[in-house]
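Worksheet for the structure shown next.
Numbering of ligands and ligand atoms starts at 1, following listing order.
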Amino acid sequence: MIRIQQLSKRYPSQGKGAEGMLALDHIDLHIAKGEIYGIIGHSGAGKSTLLRSMNLLESPTSGTVIVDDVELTTLSTAALQKQRSKIGMIFQHFNLLSSATVYDNIAFPLELVGTPKQAIKEKVDQLLALVGLEDHRNKYPAQLSGGQKQRVGIARALANDPKVLLCDEATSALDPQTTNSILDLLLKINKEFGITIALITHEMHVIQRICDRVAVIHGGRIVEEGNVVDVFLKP
Ligand code: ADP
Ligand code: ADP
(Lines give C-alpha, C1' and ligand atoms only; values in the text may rest on other atoms or scores of the structure.)
(Ligands and ions follow the chains in the order given, each with its own letter.)
Protein backbone atom coordinates (compact mmCIF):
# COMPACT_ATOMS: atom_id res chain seq x y z
CA MET A 1 0.00 0.00 0.00
CA ILE A 2 2.90 2.34 0.76
CA ARG A 3 6.25 1.90 -0.95
CA ILE A 4 9.12 4.27 -0.38
CA GLN A 5 12.31 3.93 -2.39
CA GLN A 6 15.64 5.66 -1.84
CA LEU A 7 13.90 8.58 -0.18
CA SER A 8 16.15 11.42 0.93
CA LYS A 9 15.23 14.79 2.33
CA ARG A 10 17.65 17.64 2.85
CA TYR A 11 16.12 20.76 4.39
CA PRO A 12 17.37 24.05 2.99
CA SER A 13 20.29 25.47 4.94
CA GLN A 14 19.85 28.61 7.01
CA GLY A 15 23.31 30.10 6.49
CA LYS A 16 24.92 30.90 3.14
CA GLY A 17 27.07 28.12 1.74
CA ALA A 18 26.28 25.69 4.53
CA GLU A 19 24.74 22.31 3.68
CA GLY A 20 21.18 21.84 4.87
CA MET A 21 20.12 19.20 7.40
CA LEU A 22 19.91 15.70 5.88
CA ALA A 23 16.73 14.53 7.64
CA LEU A 24 16.21 11.34 5.61
CA ASP A 25 19.06 9.38 4.06
CA HIS A 26 18.04 6.87 1.33
CA ILE A 27 15.07 5.30 3.10
CA ASP A 28 13.47 2.13 1.69
CA LEU A 29 10.18 1.04 3.22
CA HIS A 30 7.22 -1.13 2.30
CA ILE A 31 3.97 -1.17 4.22
CA ALA A 32 1.53 -3.88 3.17
CA LYS A 33 -2.22 -3.38 2.80
CA GLY A 34 -4.00 -3.82 6.14
CA GLU A 35 -0.84 -3.53 8.21
CA ILE A 36 -0.28 -1.38 11.28
CA TYR A 37 3.28 -0.16 10.84
CA GLY A 38 5.16 1.74 13.54
CA ILE A 39 8.15 4.02 13.14
CA ILE A 40 10.02 4.70 16.37
CA GLY A 41 13.03 6.83 17.17
CA HIS A 42 14.34 9.67 19.28
CA SER A 43 13.48 13.31 18.74
CA GLY A 44 15.16 14.58 15.57
CA ALA A 45 15.58 11.08 14.09
CA GLY A 46 13.46 11.91 11.04
CA LYS A 47 10.12 10.28 11.97
CA SER A 48 7.96 13.27 11.23
CA THR A 49 9.70 14.03 7.94
CA LEU A 50 9.24 10.40 6.88
CA LEU A 51 5.54 10.30 7.81
CA ARG A 52 4.84 13.64 6.15
CA SER A 53 6.53 12.36 2.99
CA MET A 54 3.81 9.71 2.71
CA ASN A 55 1.29 12.35 1.60
CA LEU A 56 3.87 14.84 0.32
CA LEU A 57 3.24 17.36 3.07
CA GLU A 58 7.03 17.24 2.90
CA SER A 59 8.44 16.97 -0.62
CA PRO A 60 11.48 14.73 -0.94
CA THR A 61 14.84 15.86 -2.28
CA SER A 62 15.14 12.54 -4.14
CA GLY A 63 13.46 9.15 -4.23
CA THR A 64 9.92 7.90 -4.79
CA VAL A 65 6.76 7.64 -2.71
CA ILE A 66 4.10 5.24 -4.01
CA VAL A 67 0.72 5.04 -2.27
CA ASP A 68 -1.92 2.61 -3.54
CA ASP A 69 0.09 2.05 -6.73
CA VAL A 70 0.38 5.77 -7.55
CA GLU A 71 3.75 7.54 -7.52
CA LEU A 72 3.04 10.81 -5.73
CA THR A 73 6.12 12.84 -6.62
CA THR A 74 5.22 13.07 -10.33
CA LEU A 75 1.56 14.11 -9.91
CA SER A 76 0.03 17.44 -10.87
CA THR A 77 -1.47 19.46 -8.01
CA ALA A 78 -5.00 18.33 -8.92
CA ALA A 79 -4.03 14.67 -9.17
CA LEU A 80 -2.13 14.88 -5.87
CA GLN A 81 -5.21 16.40 -4.22
CA LYS A 82 -7.27 13.43 -5.42
CA GLN A 83 -4.72 10.87 -4.26
CA ARG A 84 -4.48 12.60 -0.86
CA SER A 85 -8.18 11.99 -0.27
CA LYS A 86 -7.21 8.31 0.13
CA ILE A 87 -4.81 9.27 2.93
CA GLY A 88 -6.22 10.43 6.28
CA MET A 89 -4.01 11.97 8.94
CA ILE A 90 -4.23 12.60 12.69
CA PHE A 91 -1.95 14.78 14.80
CA GLN A 92 -0.45 15.07 18.27
CA HIS A 93 -2.30 18.32 18.94
CA PHE A 94 -5.43 17.25 17.05
CA ASN A 95 -5.51 20.31 14.70
CA LEU A 96 -9.27 20.83 15.04
CA LEU A 97 -11.04 24.01 13.98
CA SER A 98 -11.66 25.69 17.33
CA SER A 99 -14.57 27.81 16.11
CA ALA A 100 -16.43 24.82 14.65
CA THR A 101 -18.51 22.20 16.47
CA VAL A 102 -17.61 18.51 16.60
CA TYR A 103 -20.20 17.93 13.88
CA ASP A 104 -18.80 20.62 11.61
CA ASN A 105 -15.18 19.55 12.15
CA ILE A 106 -16.07 16.06 10.92
CA ALA A 107 -18.26 17.41 8.09
CA PHE A 108 -15.53 19.73 6.81
CA PRO A 109 -13.57 17.29 4.59
CA LEU A 110 -16.87 16.07 3.12
CA GLU A 111 -17.89 19.63 2.28
CA LEU A 112 -14.50 20.25 0.65
CA VAL A 113 -15.17 17.52 -1.92
CA GLY A 114 -18.73 18.70 -2.55
CA THR A 115 -20.67 15.92 -0.81
CA PRO A 116 -24.46 16.57 -0.75
CA LYS A 117 -25.84 17.73 2.62
CA GLN A 118 -27.94 14.64 3.35
CA ALA A 119 -25.01 12.33 2.59
CA ILE A 120 -22.81 14.44 4.88
CA LYS A 121 -25.30 14.10 7.71
CA GLU A 122 -25.51 10.33 7.32
CA LYS A 123 -21.76 9.96 7.17
CA VAL A 124 -21.09 12.23 10.16
CA ASP A 125 -23.72 10.37 12.20
CA GLN A 126 -21.99 7.06 11.38
CA LEU A 127 -18.60 8.46 12.32
CA LEU A 128 -19.88 9.95 15.58
CA ALA A 129 -21.20 6.51 16.51
CA LEU A 130 -17.94 4.83 15.50
CA VAL A 131 -15.86 7.06 17.78
CA GLY A 132 -18.48 7.22 20.57
CA LEU A 133 -19.22 10.96 20.45
CA GLU A 134 -22.93 11.01 19.54
CA ASP A 135 -23.72 13.03 22.64
CA HIS A 136 -21.04 15.64 21.96
CA ARG A 137 -21.88 16.64 18.38
CA ASN A 138 -22.77 20.24 19.21
CA LYS A 139 -19.81 20.92 21.49
CA TYR A 140 -16.74 22.94 20.56
CA PRO A 141 -13.21 21.48 20.84
CA ALA A 142 -12.47 23.56 23.97
CA GLN A 143 -15.30 21.72 25.75
CA LEU A 144 -13.74 18.30 25.12
CA SER A 145 -11.06 16.21 26.85
CA GLY A 146 -7.85 15.36 24.95
CA GLY A 147 -9.09 11.85 24.21
CA GLN A 148 -12.40 13.19 22.89
CA LYS A 149 -10.56 15.69 20.69
CA GLN A 150 -8.48 12.90 19.18
CA ARG A 151 -11.70 10.94 18.54
CA VAL A 152 -12.94 13.92 16.55
CA GLY A 153 -9.60 13.98 14.70
CA ILE A 154 -9.98 10.29 13.86
CA ALA A 155 -13.60 10.72 12.67
CA ARG A 156 -12.53 13.66 10.49
CA ALA A 157 -9.61 11.67 9.05
CA LEU A 158 -11.99 8.83 8.10
CA ALA A 159 -14.68 11.02 6.53
CA ASN A 160 -13.65 10.41 2.92
CA ASP A 161 -13.06 6.65 3.41
CA PRO A 162 -9.27 6.68 3.15
CA LYS A 163 -7.23 3.56 2.48
CA VAL A 164 -4.38 4.80 4.64
CA LEU A 165 -4.31 6.56 8.02
CA LEU A 166 -1.14 8.44 9.01
CA CYS A 167 -0.76 9.03 12.76
CA ASP A 168 1.71 11.73 13.82
CA GLU A 169 2.44 11.12 17.54
CA ALA A 170 -1.32 10.76 17.91
CA THR A 171 -1.24 9.72 21.57
CA SER A 172 1.78 11.71 22.80
CA ALA A 173 -0.36 14.43 24.39
CA LEU A 174 -2.61 11.93 26.22
CA ASP A 175 -2.41 10.17 29.58
CA PRO A 176 -1.71 6.39 29.58
CA GLN A 177 -5.33 5.28 30.02
CA THR A 178 -6.60 7.59 27.27
CA THR A 179 -3.69 6.51 25.07
CA ASN A 180 -4.83 2.91 25.36
CA SER A 181 -8.43 3.76 24.47
CA ILE A 182 -7.28 5.64 21.35
CA LEU A 183 -4.95 2.78 20.38
CA ASP A 184 -7.84 0.34 20.79
CA LEU A 185 -9.94 2.54 18.51
CA LEU A 186 -7.18 2.54 15.87
CA LEU A 187 -6.99 -1.25 16.11
CA LYS A 188 -10.77 -1.49 15.65
CA ILE A 189 -10.66 0.77 12.58
CA ASN A 190 -7.84 -1.31 11.11
CA LYS A 191 -9.69 -4.59 11.67
CA GLU A 192 -13.17 -3.43 10.63
CA PHE A 193 -12.28 -1.40 7.55
CA GLY A 194 -8.92 -2.88 6.60
CA ILE A 195 -7.34 0.58 6.70
CA THR A 196 -3.55 0.51 6.54
CA ILE A 197 -2.04 2.50 9.41
CA ALA A 198 1.40 4.13 9.55
CA LEU A 199 2.26 5.75 12.87
CA ILE A 200 5.23 7.50 14.37
CA THR A 201 5.95 7.53 18.08
CA HIS A 202 8.77 7.76 20.58
CA GLU A 203 6.93 5.38 22.92
CA MET A 204 7.74 1.67 22.85
CA HIS A 205 4.42 0.87 24.50
CA VAL A 206 2.47 2.21 21.51
CA ILE A 207 4.42 -0.05 19.15
CA GLN A 208 3.99 -3.10 21.33
CA ARG A 209 0.27 -2.61 21.80
CA ILE A 210 -0.91 -2.33 18.21
CA CYS A 211 1.83 -2.59 15.58
CA ASP A 212 2.48 -5.59 13.35
CA ARG A 213 5.86 -4.36 12.16
CA VAL A 214 8.24 -1.64 13.24
CA ALA A 215 11.12 0.39 11.84
CA VAL A 216 13.65 1.98 14.16
CA ILE A 217 14.93 5.24 12.68
CA HIS A 218 18.12 7.00 13.74
CA GLY A 219 19.86 9.90 12.02
CA GLY A 220 17.56 9.66 9.01
CA ARG A 221 18.27 5.96 8.41
CA ILE A 222 16.33 2.83 9.26
CA VAL A 223 18.65 0.95 11.57
CA GLU A 224 16.34 -1.97 12.33
CA GLU A 225 13.13 -3.28 10.80
CA GLY A 226 10.84 -6.28 11.20
CA ASN A 227 8.04 -7.91 13.17
CA VAL A 228 7.58 -6.24 16.54
CA VAL A 229 8.22 -9.55 18.32
CA ASP A 230 11.50 -10.09 16.47
CA VAL A 231 12.79 -6.55 16.89
CA PHE A 232 11.89 -5.92 20.54
CA LEU A 233 10.81 -8.98 22.42
CA LYS A 234 13.54 -11.47 21.62
CA PRO A 235 16.22 -11.86 24.29
P1 ADP B 1 11.47 13.56 14.50
O2 ADP B 1 10.05 13.57 14.00
O3 ADP B 1 12.03 12.17 14.62
O4 ADP B 1 11.66 14.34 15.76
P5 ADP B 1 12.02 15.33 12.27
O6 ADP B 1 11.65 14.61 11.02
O7 ADP B 1 11.07 16.34 12.81
O8 ADP B 1 12.40 14.25 13.39
O9 ADP B 1 13.42 16.06 12.04
C10 ADP B 1 14.55 15.41 11.46
C11 ADP B 1 15.70 16.41 11.36
O12 ADP B 1 15.34 17.42 10.41
C13 ADP B 1 15.99 17.14 12.66
O14 ADP B 1 17.37 17.34 12.74
C15 ADP B 1 15.26 18.45 12.50
O16 ADP B 1 15.90 19.46 13.23
C17 ADP B 1 15.37 18.70 11.00
N18 ADP B 1 14.20 19.46 10.50
C19 ADP B 1 12.90 19.11 10.63
N20 ADP B 1 12.10 20.00 10.04
C21 ADP B 1 12.92 20.96 9.53
C22 ADP B 1 12.71 22.17 8.79
N23 ADP B 1 11.47 22.56 8.44
N24 ADP B 1 13.80 22.90 8.43
C25 ADP B 1 15.04 22.49 8.74
N26 ADP B 1 15.31 21.36 9.44
C27 ADP B 1 14.27 20.61 9.82
P1 ADP C 1 -24.64 25.48 6.88
O2 ADP C 1 -23.63 24.49 6.32
O3 ADP C 1 -25.54 26.04 5.83
O4 ADP C 1 -24.06 26.46 7.80
P5 ADP C 1 -25.34 23.86 9.11
O6 ADP C 1 -23.90 23.60 9.31
O7 ADP C 1 -26.08 24.57 10.17
O8 ADP C 1 -25.65 24.58 7.72
O9 ADP C 1 -26.10 22.48 8.90
C10 ADP C 1 -26.20 21.84 7.65
C11 ADP C 1 -26.96 20.55 7.85
O12 ADP C 1 -26.15 19.64 8.60
C13 ADP C 1 -28.26 20.73 8.63
O14 ADP C 1 -29.37 20.77 7.76
C15 ADP C 1 -28.33 19.50 9.50
O16 ADP C 1 -29.12 18.48 8.89
C17 ADP C 1 -26.93 18.99 9.58
N18 ADP C 1 -26.39 19.27 10.92
C19 ADP C 1 -25.67 20.35 11.32
N20 ADP C 1 -25.31 20.25 12.59
C21 ADP C 1 -25.81 19.09 13.03
C22 ADP C 1 -25.79 18.41 14.26
N23 ADP C 1 -25.17 18.91 15.32
N24 ADP C 1 -26.39 17.23 14.34
C25 ADP C 1 -27.01 16.68 13.26
N26 ADP C 1 -27.08 17.27 12.08
C27 ADP C 1 -26.50 18.45 11.95
Side-chain angles (χ1 to χ4, degrees), residues 1-31 35-67 71-73 77 80 84 87-96 146 149-150 153-154 157 162 164-176 178-179 182-183 186 196-228 231-232:
M1 180 60 64
I2 302 174
R3 188 177 290 281
I4 284 175
Q5 291 167 330
Q6 293 293 299
L7 183 73
S8 294
K9 171 70 179 185
R10 186 180 291 281
Y11 286 105
S13 67
Q14 313 293 359
K16 224 181 177 178
E19 282 230 305
M21 175 72 209
L22 187 63
L24 298 178
D25 186 3
H26 296 87
I27 298 268
D28 288 307
L29 193 69
H30 176 240
I31 305 181
E35 230 180 352
I36 304 185
Y37 194 99
I39 297 159
I40 191 166
H42 295 299
S43 177
K47 303 182 294 295
S48 176
T49 306
L50 178 55
L51 192 78
R52 291 161 59 84
S53 298
M54 294 180 191
N55 59 3
L56 290 205
L57 280 182
E58 217 57 85
S59 55
T61 305
S62 60
T64 55
V65 179
I66 299 166
V67 177
E71 171 21 345
L72 302 187
T73 54
T77 308
L80 177 61
R84 272 187 181 146
I87 309 169
M89 190 161 187
I90 60 174
F91 306 89
Q92 177 173 5
H93 298 295
F94 323 119
N95 296 13
L96 303 179
K149 283 183 211 171
Q150 194 55 289
I154 291 169
V164 171
L165 180 63
L166 305 180
C167 308
D168 186 352
E169 295 277 5
T171 56
S172 298
L174 305 175
D175 64 61
T178 309
T179 291
I182 293 296
L183 294 176
L186 293 177
T196 304
I197 296 180
L199 66 84
I200 62 169
T201 183
H202 59 275
E203 294 171 300
M204 184 76 90
H205 163 80
V206 168
I207 301 283
Q208 289 178 343
R209 192 168 173 111
I210 66 165
C211 292
D212 302 309
R213 285 197 301 145
V214 61
V216 182
I217 184 169
H218 184 81
R221 290 165 174 263
I222 291 176
V223 294
E224 212 160 344
E225 208 263 353
N227 293 327
V228 170
V231 172
F232 288 129

(request) Could you check N55, I31, V67 and say which one makes a side chain to side chain contact (heavy atoms under 4.5 Å, CB included) with V164? (result) V67
(request) Please report the shortest heavy-atom distance between I207 and I39, naming the atom on each side. (result) CD1-N, 4.2 Å
(message) Please check this pair: side chain of K47 against backbone of G41, looking for a donor-acceptor N/O pair closer than 3.5 Å.
(response) yes
(message) Using a 4.0 Å cut-off on heavy atoms, what residues surround ligand 1? Order them by chain and number.
(response) Y11, M21, A23, H42, S43, G44, A45, G46, K47, S48, T49
(request) Sorted by first residue and then second, give each salt bridge (charged side-chain N to carboxylate O under 4.0 Å, His left out) pair with at least one member in residues 199-212; sequence neighbours left out. (result) D184-R209
(request) Could you check L186, I200, T201, I36 and say which one makes a side chain to side chain contact (heavy atoms under 4.5 Å, CB included) with C167? (result) L186
(message) Name the residue from I27, D28, L24 that meets the side chain to side chain contact (heavy atoms under 4.5 Å, CB included) definition with I222.
(response) I27
